[in-house]
Amino acid sequence: MRKLGLYVAVFAAALCGVLVAFQIDHYANRNKNFANEVATNGDYPFTEASYAQLPPGPPDFVSAAKKLTPSVVSVDQRVAVRDLFSDRVQVQTAGTGSGVIISADGFILTNNHVITGAYSVNVRTPQGKAYAAKVIGADPRSDLAVLKIDATGLVPAEMGDSSKLEIGQWVLAVGNPLGYSGTVCAGIVSSLKRTLPEGEESPGLLIDAIQTDAAINPGNSGGALADAQGKVVGINALIASNTGGSVGLGFAIPINRAKKIVRDIIQYGHVRYGEPGFSISERLPQEPDVHDYLQQQAGGNPPTKGLIVSQVTTNGPAALAGVKPLDIIESIDGVAMDTPISFYKYFADKRPNDKITMQVWSAGNVKTVNLQLQDIATF
């Protein structure tokens with residue numbers, strides 16, 4: 001039995017050797033065929049980069065900076081402060097932002113939150129001259145404002161086209177961060193079409209904002225975001241930061257949107273939005289307590305999606321069309337109204353006399369409502 005077992009073991013070992021040799025030869029032939037196939041096809045499995053077509057490096061921003069810095073000013077907000085002991089009122093500088101010169105005769109574009117609550121506003125040019133500024137108009141909704149100084153021969157910034165921006169494109173942020181006037185920072189467009197609320201200082205909503213990693217700090221607000229040719233593509237407005245300083249998350253208002261705001265403010269003193277004549281609640285019908293309240297007050301079975309009408313303006317378009325408080329706006333022109341931001345974003349570019357069609361739930365019934373929007377100044 002021992003000899004038989006030994007013979008079996010030897011035979012098994014020999015057989016394994018033959019199989020291993022066969023496998024090695026098989027894989028060697030297969031790899032040889034694979035290598036021949038790659039050599040024949042040439043472009044498999046990788047696509048090789050053509051280094052001759054790559055740009056040589058980042059562009060030189062010197063000419064862009066020289067072109068733009070004469071057009072970016074400091075905007076100083078001054079507030080009235082009452083002295084605790086003498087009861088006298090003193091005017092003090094409360095904060096500094098930035099602004100962009102948009103005309104040779106003194107019109108300046110900045111953020112609304114830069115001048116909100118100001119007793120007076122002063123502007124300092126890059127040439128060191130100081131001027132008292134008049135607020136022509138301010139729009140909290142877009143967070144933009146237009147100032148005017150009594151000056152001539154200023155250098156207006158050249159306006160670009162924000163619709164042509166691409167992610168990864170070089171941009172410059174020019175302004176007065178932390179009071180350091182004429183500061184130029186470089187970065188890229190990190191993202192596009194960001195929509196986000198601005199916070200307590202400005203109750204507006206940034207619509208389709210440009211996100212950039214160019215260093216933006218307090219004081220940059222109202223300054224220019226420009227392309228590599230020095231053309232303004234945005235107005236710097238906001239940073240997202242846990243520390244209050246730059247962490248590479250800055251946001252700018254697209255200049256194409258700002259142009260529309262500026263035209264209205266200069267011509268009318270305010271922005272002529274197309275208004276439906278009602279406001280909405282921040283609470284949503286899918287919230288259990290809200291849903292129960294709607295059932296009790298409005299009757300029927302309210303939908304779980306939509307926006308609740310909180311107030312209706314007397315003699316406004318909605319009131320004349322029969323819209324009432326506690327109605328639920330399900331959609332506008334086929335666009336679902338599921339969050340307050342979707343509502344505010346939808347009306348951001350609407351103008352007086354624009355027409356809209358709304359799907360409205362009202363006391364258990366769903367109806368179609370047609371409105372012609374109006375300028376709120378006409379209500």
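The chain is numbered in sequence order, starting from 1.
For the pair Asn217 (side chain) and Leu178 (backbone), a donor-acceptor distance under 3.5 Å is absent. Counting only distance, with no hydrogens or angles, the side chain of His291 and the backbone of Pro302 share a donor-acceptor pair below 3.5 Å. Judged purely by atom type and a 3.5 angstrom limit, Ser71 uses its side chain to pair as donor or acceptor with the backbone of Val155. Judged by distance alone, the side chain of Gln296 and the main-chain N or O of Tyr293 form no donor-acceptor pair under 3.5 Å. At distances below 3.5 Å, not a single donor-acceptor pair connects side-chain atoms of Asn236 with backbone N or O atoms of Ala173. Using modelled atom types, no side-chain atom of Ser241 and backbone atom of Val247 make a donor-acceptor pair closer than 3.5 Å. A donor-acceptor pair under 3.5 Å is formed between the side chain of Gln77 and the backbone N or O of Thr116.
The distance from atom CG of Leu307 to atom CG of Asp327, rounded to the nearest 0.5 Å, is 12.5 Å. Interatomic distance, Thr212 OG1 to Arg194 CZ, rounded to the nearest 0.5 Å: 12.5 Å. From Trp170, atom CH2 reaches atom CD of Gln229 across 13.0 Å, with rounding to the nearest 0.5 Å. Atom OG of Ser310 is separated from atom CD1 of Ile280 by 7.5 Å, given to the nearest 0.5 angstrom.
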Discussion item. Between Leu373 and Lys355, does the side chain to side chain contact (heavy atoms under 4.5 Å, CB included) criterion hold? Intermediate values first, please.
Written reply: CA-CA 6 Å; Leu373 307 180; Lys355 296 179 180 180; over 6 Å; no

Worksheet entry | Ile253 vs Leu144, side chain to side chain contact (heavy atoms under 4.5 Å, CB included): CA-CA, chis, key distance, verdict | CA-CA 9 Å; Ile253 301 165; Leu144 291 171; 3.6 Å; yes

Worksheet item: Hey, mind stepping through Lys305 and Glu287 against salt bridge (charged side-chain N to carboxylate O under 4.0 Å, His left out) and telling me if it holds?
Response: CA-CA 10 Å; Lys305 291 185 179 180; Glu287 300 173 40; over 6 Å; no

Discussion item. Please determine whether side chain to side chain contact (heavy atoms under 4.5 Å, CB included) holds for the pair Leu249 and Asp213, giving the CA-CA distance in whole Å, both sets of side-chain angles, and the decisive distance to 0.1 Å.
Written reply: CA-CA 6 Å; Leu249 288 171; Asp213 67 349; over 6 Å; no

Practice prompt. Show your reasoning for whether salt bridge (charged side-chain N to carboxylate O under 4.0 Å, His left out) applies to Lys231 and Asp161.
Written response: CA-CA 8 Å; Lys231 298 177 182 179; Asp161 185 351; over 6 Å; no

Fill in: Working for side chain to side chain contact (heavy atoms under 4.5 Å, CB included), residues Phe107 and Ile149
CA-CA 7 Å; Phe107 282 103; Ile149 61 175; over 6 Å; no

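If you check the side chains of Asn353 and Gln372, you find a donor sitting under 3.5 Å from an acceptor. Checked by atom type, the side-chain pair Tyr273/Asp349 shows no donor-acceptor distance below 3.5 Å. Asn220 and Asn176 share no donor-acceptor pair across their side chains, judged by distance under 3.5 Å alone. Side chains of Thr96 and Ser74: no donor on one and acceptor on the other come within 3.5 Å. For the 3.5 Å distance criterion, the side chains of Ser221 and His113 qualify, holding a donor opposite an acceptor.
Side-chain atoms of Leu294 and Ile328, non-hydrogen and from C-beta on, do get closer than 4.5 Å to each other. Contact annotation: the side chain of Asp139 never approaches that of Asn112 to less than 4.5 Å [non-hydrogen atoms, C-beta and beyond].
With a 6.0 Å radius and a threshold of 12 heavy atoms from other residues, nucleotides or ligands, Lys134 has its NZ atom at or below the threshold. Residue Gln127 places its CD atom among more than 12 non-hydrogen atoms of other residues, nucleotides or ligands, all under 6.0 Å distant.
Checked against Ser162 for a side-chain hydrogen bond (donor to acceptor under 3.5 Å, both in side chains), the options Asp208, Asp227, Asn256 give a single hit: Asn256.
Remark: Asp375 does not engage Arg351 in a salt bridge, criterion side-chain N to carboxylate O under 4.0 Å. Salt-bridge annotation for Arg283 and Asp289: present, with a side-chain N of the basic residue lying under 4.0 Å from a carboxylate O of the acidic one. A salt bridge is defined here as a Lys NZ or Arg NE, NH1 or NH2 lying under 4.0 Å from an Asp or Glu carboxylate O, and Glu158 with Lys67 meets this definition.
Qualifying salt bridge (Lys or Arg N to Asp or Glu O under 4.0 Å) partners for Asp76, counting only residues two or more places apart in sequence or in other chains: Arg124.
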